[in-house]
Amino acid sequence: RRAPGMKPEGKRVLITGAGGFVGRSLALGFDDLGWCVIGLDRAFDAGRELHGIQAVTADLAEGVPVDVPEVDLVVHAAWVTTEPAALGITPLEYVDLNLRPLEQALAFATRTEAASFVFLSSSGVFAPTDATEGLTDTDRPSGTSPYAVAKRAGEALVATAPGEEAARSPDRGTAVHVARLGYLFGPAEVARPSRQGVSLVAGWLAAARNGHPCEVRSDDPVREWTFTPDLAAALERVANAPPAGRPLHLGSPHVCRDRELASLIASEARGVGVVTVPAVGRVKPPMIPSDIPALRGFGWTEPHVGLRALLAEEVAA
């Protein structure tokens with residue numbers, strides 16, 4: 001039986017949803033950190049190959065394929081974010097569509113006694129009224145959208161995992177972690193059937209690329225932004241730490257208003273400006289990162305620095 005904690009050599013990680021925006025970034029990030037990466041997804045987009053990474057094409061809802069070897073860490077990034085109406089299914093079917101793959105990934109981790117399992121949840125579990133200043137990990141989420149309900153159900157499922165109690169023992173079991181991610185941006189963000197919407201940053205970049213103005217809500221919300229290339233190194237630290245016993249708020253402490261980032265993008269595009277559009281609905285306050293020893297002093301990329309890196313890629317392309 002493998003002891004909790006990562007092996008000093010030959011570390012192997014299984015990342016579900018590796019064909020998507022977040023999963024792909026994690027696969028590349030863990031590869032850069034020296035891990036042996038197995039990426040699993042129902043499909044991988046042509047022209048966006050994961051060089052040096054073992055890509056496994058499978059429907060996770062039917063289980064992890066038997067030829068996938070044991071791993072030290074499982075990161076469950078697979079999730080359908082497209083609204084159920086757009087998929088032609090009911091909200092209940094949408095929840096089931098997401099929970100079945102989560103159940104299979106968790107079962108694989110506990111059955112093979114992976115050292116750690118990380119479920120990537122989201123600040124989307126919260127409603128805009130759940131906090132006034134900032135969302136802490138002690139605030140109780142009450143989001144009611146299908147996405148929020150599904151993520152909250154996923155957190156509850158993971159909390160009852162067979163390996164969780166054993167993970168509290170120093171010598172056995174799979175350490176189970178839940179990490180809520182907030183607003184994300186990074187390289188190679190494209191829409192997919194399972195994620196038809198893209199981040200505001202990707203939307204502004206696309207608008208500027210096509211000569212259109214960047215639209216900013218009239219209330220100009222404050223948001224926390226995490227650069228996806230930071231996530232693998234942060235999750236490596238989380239996976240090596242004892243489970244917190246609660247969902248962690250994982251992400252950058254840096255916040256900025258929408259207009260700041262939209263203006264930076266517009267300034268790099270000739271003839272493109274920023275326009276104000278009516279604010280529809282409330283925006284939840286920024287998510288405040290959890291204060292855990294494993295991430296103290298972690299060097300999160302500032303949004304402006306990450307955005308300039310993306311803009312440089314745009315110019316190079």
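- The shortest side-chain heavy-atom distance between H304 and L264 falls under the 4.5 Å cut-off.
- Atom CD of E70 and atom CZ of R111 lie 9.5 Å apart (nearest 0.5 Å).
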Would F30 and L73 count as a side chain to side chain contact (heavy atoms under 4.5 Å, CB included) if you check the C-alpha gap in whole Å, the side-chain angles of each, and the deciding distance to 0.1 Å? CA-CA 11 Å; F30 273 101; L73 170 63; 3.9 Å; yes

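- Looking at every heavy atom in both residues, F126 comes nearest to R180 through CZ-NH1, 3.4 Å.
- The six-membered or imidazole ring of F298 lies near that of W300, with a centre-to-centre distance under 6.0 Å.
- Hydrophobic clustering, with ILVMFWY side chains joined whenever heavy atoms are under 4.5 angstrom apart, keeps I265 apart from V255.
- With a 4.5 Å cut-off on side-chain heavy atoms, L261 and F185 do not count as touching.
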Under the side chain to side chain contact (heavy atoms under 4.5 Å, CB included) rule, what do I89 and D96 come out as? Steps first, then yes or no, please. CA-CA 11 Å; I89 60 177; D96 182 63; over 6 Å; no

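- Using modelled atom types, no side-chain atom of T301 and backbone atom of G306 make a donor-acceptor pair closer than 3.5 Å.
- Put simply, the side chain of L28 reaches to within 4.5 Å of the side chain of I53, judged on heavy atoms.
- Note on L231 and L295: same hydrophobic cluster, where clusters join Ile, Leu, Val, Met, Phe, Trp and Tyr whose side-chain heavy atoms are under 4.5 Å apart, directly or indirectly.
- Residue L184 holds its CG atom at 12.0 Å from CG of L200, rounded to the nearest 0.5 Å.
- Separation of atoms CG (L40) and CG (D59) is listed at 9.0 Å; rounding is to 0.5 Å.
- The shortest side-chain heavy-atom distance between R24 and D45 does not fall under the 4.5 Å cut-off.
- L92 and L87 end up in different hydrophobic clusters when Ile, Leu, Val, Met, Phe, Trp and Tyr side chains are linked at under 4.5 Å.
- Residues V80 and Y94 have side chains in contact (heavy-atom distance under 4.5 Å, counting atoms from C-beta outward).
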Would E189 and T228 satisfy side chain to side chain contact (heavy atoms under 4.5 Å, CB included), going step by step from the backbone distance to the final call? CA-CA 10 Å; E189 182 179 1; T228 54; over 6 Å; no

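- With D72 contributing its side chain and R12 its backbone, the two residues share a donor-acceptor pair below 3.5 Å.
- Contact detail for S121 and V125: the closest heavy-atom pair is OG-CG1, 3.8 Å.
- Defined by atom type and a distance below 3.5 Å, a donor-acceptor pair is present between the side-chain atoms of T276 and R259.
- Counting heavy atoms of neighbouring residues, nucleotides and ligands inside a 6.0 Å radius, atom CZ of R100 exceeds 12 of them.
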List the steps, then state whether side chain to side chain contact (heavy atoms under 4.5 Å, CB included) holds for L106 with V74. CA-CA 8 Å; L106 185 56; V74 176; over 6 Å; no

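- Interatomic distance, D291 CG to L248 CG, rounded to the nearest 0.5 Å: 11.0 Å.
- The two atoms that bring R257 and D219 nearest to each other are NH1-O, 4.1 Å, heavy atoms only.
- For R140, the CZ atom counts as loosely surrounded, since its 6.0 Å shell holds 12 or fewer non-hydrogen atoms of other residues, nucleotides or ligands.
- T110 places a side-chain N or O within 3.5 Å of a backbone atom of A107 that can act as its donor or acceptor partner.
- The backbone N or O of R237 lies less than 3.5 Å from no partner atom in the side chain of N240, so there is not a single donor-acceptor pair.
- Linking ILVMFWY residues whenever their side-chain heavy atoms come closer than 4.5 Å, directly or via other members, places L157 and L60 in the same cluster.
- Under the 3.5 Å distance criterion, the side-chain polar atoms of S290 are matched with a main-chain donor or acceptor of H249.
- The only option from L26, V71, D31 that meets the side chain to side chain contact (heavy atoms under 4.5 Å, CB included) definition with V37 turns out to be D31.
- Taking all atoms of both residues into account, the shortest heavy-atom contact from A153 to V95 is CB-CG1, 4.5 Å.
- Linking Ile, Leu, Val, Met, Phe, Trp and Tyr residues whenever their side-chain heavy atoms come within less than 4.5 Å leaves V178 and M287 in two separate clusters.
- Remark: of the listed residues S252, S25, P303, P187, P187 is the sole one forming a side chain to side chain contact (heavy atoms under 4.5 Å, CB included) with F227.
- Here the OG1 atom belonging to T138 is positioned 9.0 Å from the CD1 atom belonging to I288, to the nearest 0.5 angstrom.
- Nearest heavy-atom pair across P221 and R223 is CG-NH2, 3.7 Å.
- The structure places CD1 of I38 at 10.0 Å from CD1 of I15, a figure rounded to the nearest 0.5 Å.
- Atom CD of E215 has 12 or fewer heavy atoms from other residues, nucleotides or ligands within 6.0 Å.
- In this structure the side chain of E93 never reaches within 4.5 angstrom of the side chain of P84, judged on heavy atoms.
- Checking each of Y147, Y183, W79 against S122 for a side chain to side chain donor-acceptor pair (under 3.5 Å) leaves exactly one that passes, namely Y147.
- Under 4.0 Å is where a charged nitrogen must lie from a carboxylate oxygen, and between R246 and D137 at least one such pair does.
- Looking at F117 and V158, their side chains come closer than 4.5 Å, going by heavy atoms from C-beta outward.
- Taking the six-membered ring for Trp and thresholds of 30 and 60 degrees, W225 and W204 have ring planes inclined between 30 and 60 degrees apart.
- Shortest non-hydrogen contact noted between V64 and Q104 is CG2-O, 4.3 Å.
- Residues E133 and P285 are not in side-chain contact: their nearest non-hydrogen atoms beyond the backbone lie 4.5 Å or more apart.
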